[in-house]
Amino acid sequence: MKYIIIGAVAGGASTAARLRRLDEKAEIVIFEKGEYMSYANCGLPYYIGEVIKDRNALFVTSATSFKLRFNADVRTQTEVMSIHPEEKNVVAFDQRTGQTYTESYDKLVLSPGAEPIRPPLEGINNEGIFTLRNVADTDYIKNYVSHNKVKQAVVVGAGFIGLEMAENLHQLGIAVTVVEMGNQILAPLDYPMAALVQQHIRSKGVSLMLNNSVTGFEKTTNGNIVILKNGEHIQSDLVILSIGVKPDTRLALAAGLKIGPSKGIWVNEYLQTSNEHIFALGDAIEFENPIIHQSMPTYLAGPANKQGRICANNLVNGASQVYKGAINTAIVKVFDMTVATAGMASKHLKRAGFKHMVSTNHSGSHAGYYPGAQQMSIQLAFSPKEGTLLGAQIVGFEGVDKRMDVLSLMIQAKATVYDLTEFEHAYAPPYSSAKDPVNMAGFVAENILTQKLSVFYWNQVKDISADDILLDVRTVEEFEKGHIANAINIPIDELRNRMAELDPNKNIYIYCQAGLRGYLGHRILKQNHYNKVLNLSGGYQIWEACVLEQEALEQVVLVG
């Protein structure tokens, strides 16, 4: 059996390695149009920022090493120009020799990845404007930074790569401005969680220009002027385009393969395309999301590598292993913070018409009495009837990764918030508390689900009328440092003795700093026949971050 694999990074290399382990006699030919195979895309920003100092550390293996270990014919710098399904062959172009030739196959695997989006803006091809997708891009950027005395940089796009580049350029002492078309960074996050991260980014001296977009570039002797939609001009020595990516479907389209509704290569549950002899995987495909059951691409290395194993199993053994889809579990370091997400954001569930509930809680990364504990904020989305987990987001510092790994597994397993309350974790004071943040998130969600807690959200504060009561149950000192307008202050420890000051016939909206004291106040009042009581989800700190970010957005509008 002869296999051809197009693309030798995450998915392609994984498929080839698994194929060899399953079939020692197979002929495996791998085409890679770039110079390198199986490199660490996710590490590229950190090499530019000199966090990773050894360039060789980016490479998982070389073509020579891979060929030696797996007896595969790896042809780098060779681009497949066309696929001919009827003849079962491909036409390839060797960039080094200039030779074009035909190669036959019994089975073909497409793993071409995705390509950066470059909108047709005036000046977008000027010198000093880059995208970051591969090792060659990395080398161009690193050389440009070192040889051009870059002092000011603009990063266009505030997704994962954009923010990693912003941090790493800042690490080099470069003044960085991030321009993002949306009203927040990191599209997989809901606004309140994004607002916490945005406040952290601003505290580092990085300029965030949200709800804005680039309309063009003007070349100058000092670099480029970035022209924004609101009329502002930014002088920049370096521009990084991180607007997004799209599935590379050029070969698939030309070969007549089916393309899905999200413009990715259509595959069935066995990663087989519309042609029975051609399989596809990685960033180029789309697949049904297991939560909302809509077909969409997944631009993550983890799923691509796992797809490679499944694809190889099905190539050798026939349709034997089903791919279940990705819930898009992702994590990113943003300066001192760690941000993680899995499943669907509330805004995306709303857009898909999925009824759900949302909870937010703040917990320490480990026992508070053990030095170094830091706060993490967890938001869950879950179904309103069974409490099935639909999405999770965490913003924090220490220990975010291991909590998100747990929540991701729970989402994949279609577990409920009740399962989180009983999750048994490894506990010692340096690592967690007796009730882990995952347990605490489950407790809060369970209270909402069982109607022991009624909540309102930061963007509903503006709807509180003069006839309602807005109650701040923090200490007097906290209240005086800052509070929501028109709130009255009754500290939680005084509430039982001062309930008579509150009209039981009015709506009472309670808040504290993080939500716990507000919940206690909610329970006190509800059990004393105050029936119209709600607690601010996420507390004052979520509200404050969101309001400050809204004010920043309004300033952008005013400039325009």
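This one's a predicted model, so the numbers in the text were calculated from it and none came from an experiment. Residue indices begin at 1 and follow the sequence shown.
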Taking C-beta and beyond as the side chain, do [X] and [Y] meet within less than 4.5 Å on heavy atoms?
X	Y	answer
R202	E549	yes
L196	S377	yes
V154	I240	no
K2	V29	yes
Y3	V316	yes
L110	F279	no
I48	L132	yes
R118	N125	yes

Roughly how far, to the nearest 0.5 Å, is [atom2] of [Y] from [atom1] of [X]?
X	Y	atom1	atom2	value
S14	R309	OG	CZ	10.0 Å
M344	I291	CE	CD1	6.5 Å
L186	Q393	CG	CD	10.0 Å
I310	L271	CD1	CG	6.0 Å
R18	N313	CZ	CG	4.5 Å
H348	L390	NE2	CG	14.0 Å

Report yes or no: does [X] contribute a side-chain atom to a donor-acceptor pair with the main-chain N or O of [Y] at less than 3.5 Å?
X	Y	value
D237	K151	yes
S65	T61	no
N305	A301	yes
Q77	G34	no
T273	A280	no
D248	G113	no
K88	D106	yes
Q198	I185	yes
K347	A187	yes
D23	A26	yes

Determine, for [X] against [Y], whether the closest basic-nitrogen to carboxylate-oxygen distance falls under 4.0 angstrom.
X	Y	result
D94	R96	yes
D401	R403	no
R133	D283	yes
E269	K324	no
E167	K204	no
K263	E286	no

**Prompt:** In terms of ring plane angle, is the pair F354 and H293 parallel, tilted or perpendicular, where the classes change at 30° and 60°?
**Reply:**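 Ring orientation, 0 to 90° scale: tilted.
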
**Asked** How are the rings of F335 and H170 set to each other: parallel, tilted or perpendicular (split at 30° and 60°)?
**Response**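 Aromatic pair F335/H170 classed perpendicular.
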
**Request:** State, without any angle test, whether S82 and H84 hold a side-chain donor-acceptor pair at a distance under 3.5 Å.
**Result:** yes

**Message:** Does either side chain, that of T298 or that of N328, offer a donor lying less than 3.5 Å from an acceptor on the other one?
**Reply:** yes

**Request:** Please confirm whether K53 makes a cation-pi placement over Y47, using NZ or CZ under 6.0 Å from the six-membered ring centre and within 45° of the ring normal.
**Result:** no

Determine whether the aromatic ring centres of residues [Y] and [X] are separated by less than 6.0 angstrom.
X	Y	value
H277	Y105	no
F287	Y323	yes
Y36	F59	yes

What residue among [options] forms side-chain contact (heavy atoms from CB on, under 4.5 Å) with [X]?
X	options	answer
T215	I227, N230, L228, L121	I227
I6	I278, T78, V109, V80	V80
L238	I129, V145, V176	V145

**Prompt:** F130 and Y144: ring-ring contact (aromatic ring centres under 6.0 Å, His included), yes or no, with the steps?
**Reply:** CA-CA 10 Å; F130 301 92; Y144 191 87; 5.3 Å; yes

**Asked** So E87 and N89, side-chain hydrogen bond (donor to acceptor under 3.5 Å, both in side chains) or not? Walk me through it.
**Response** CA-CA 6 Å; E87 295 83 5; N89 65 39; 5.2 Å; no

**Item:** Derivation of the side-chain hydrogen bond (donor to acceptor under 3.5 Å, both in side chains) call for N126 and N224
**Value:** CA-CA 8 Å; N126 290 351; N224 284 279; 2.9 Å; yes

**Worked check of side-chain hydrogen bond (donor to acceptor under 3.5 Å, both in side chains) between Q379 and D190** = CA-CA 9 Å; Q379 178 184 293; D190 284 306; 2.7 Å; yes

